[in-house]
Amino acid sequence: MENKIVIYGAYGHTGKFLVAQLYQQGYKPILSGRDAEKLIAFGKVYPDLITKVADINKPQTLDAAFADAEIIVNCAGPFLDTAEPIIKSAIRLEKHYLDVSAEQKAVLDIFEQFSEQAKLANVAIIPAAAFYGGLGDLLSTTLTKDWDKVDEISSYIGLDSWHPTKGTRLTGERNHYQRFSFANHSLQPVREVQSKSWDFPGPIFTKDVITVPLSEIITISRHINVHTINTYLSQNSITDIRNSETPEPKAVDSKNRSSQVFCMEVIAVKGNKRRTISAQGIDIYAVTAPLIVEAVKRILNGEVIKKGVTTLGEAFDATDFLHSLDVDDIVVSEIKETEISSLN
């Protein structure tokens, strides 16, 4: 388990969660990133781990940093800047790649640019393997695994608050591209923001939610035969992130998680059948670590169902993946199925 994984952006907020969880489970990841000072300082926390500085503008440094590993995990946003050079290195070296992007355009570009190259290299390239993109994809895949087609998938994301990291703010400033929804089996530019009230399970309860299409629109649509996909995010969290005075997350427990709680509820409809599943937990940044760690384990164990550019739900057995997660990280509900006609 030594040096099988390299974490790029290891000293960032999400990267630190990932390194800590891997290390606690006996892995010895290679720590990498662009900033030599930050990397050296973070490396002192783990003196037995290798550190390798690598610059996204210098391909030879990326290749040198990644050469000894089997899996590259990119935690360094904005992914509109970092994903392409790192994936090019991964394909040159025939290494697997995961990232934690929530940016639609970054994920869409990866599918469009690298699908054929990744297949030829026989590697798995999995963008958005995080809370945004990955978790919704796993829940949607589990809900619809025995359906050949789906009328609609809607994700409702409720946060009690959102204290954004510096990386999230930088990504927001960089990500000025058109957002897409998914309707009539195709991506559609978002023209109108919809709002509604949604009743989440406690402790989130009732929240006003608005249309905020994120990377799960791209991941879900790539492998599920679905007519329409919607993503809604609680209005209070958008207000937090748009407020420049909202502080960064503050650690409050032994895992360095913040006090933020979340609930992601996914609803799938086919004909008169309606299925619902939800996932609840603490800290949307921290919860990315168990998702990545589970994916890394499955790649190293040869449990990848599909290679090439793919998603968490498509690359692995989504139901088993969710059941393997520790309930201290994510609590996943049982699937509830009802007939729509009976609700009227």
Q. Going by an N to O cut-off under 4.0 Å, is there a salt bridge joining Lys255 and Asp329?
A. yes

Q | Check: Phe114 ring centre within less than 6.0 Å of Tyr97 ring centre | A | no

Q) So with a 6.0 Å cut-off around NZ of Lys58, is the heavy-atom count from everything else above 12? A) no

Q | Side-chain H-bond candidate by donor/acceptor type, Thr246 with Asp240, under 3.5 Å | A | no

Q: Going by the salt bridge (charged side-chain N to carboxylate O under 4.0 Å, His left out) test, name the single residue among Glu265, Glu152, Glu334, Glu337 that passes it with Arg275.
A: Glu337

Q. Any side-chain donor paired with an acceptor under 3.5 Å for Asn184 and Ser186?
A. no

Q. Is the number of heavy atoms from other residues, nucleotides or ligands within 6.0 Å of NZ (Lys38) greater than 12?
A. no

Q. Under 6.0 Å between the ring centres of Tyr46 and Tyr23?
A. yes

Q) Would you call Arg92 and Asp63 a salt bridge, using N to O less than 4.0 angstrom? A) yes

Q | Test ring pair (Phe, Tyr, Trp, His ring centres under 6.0 Å) applied to His223 - qualifying residues, sequence neighbours left out | A | none

Q.
Are Trp162 and Tyr132, when compared by the centres of their aromatic rings, separated by less than 6.0 Å?
A. yes

(Q) Salt bridge or not between Asp320 and Arg298? Use side-chain N to carboxylate O under 4.0 Å. (A) yes

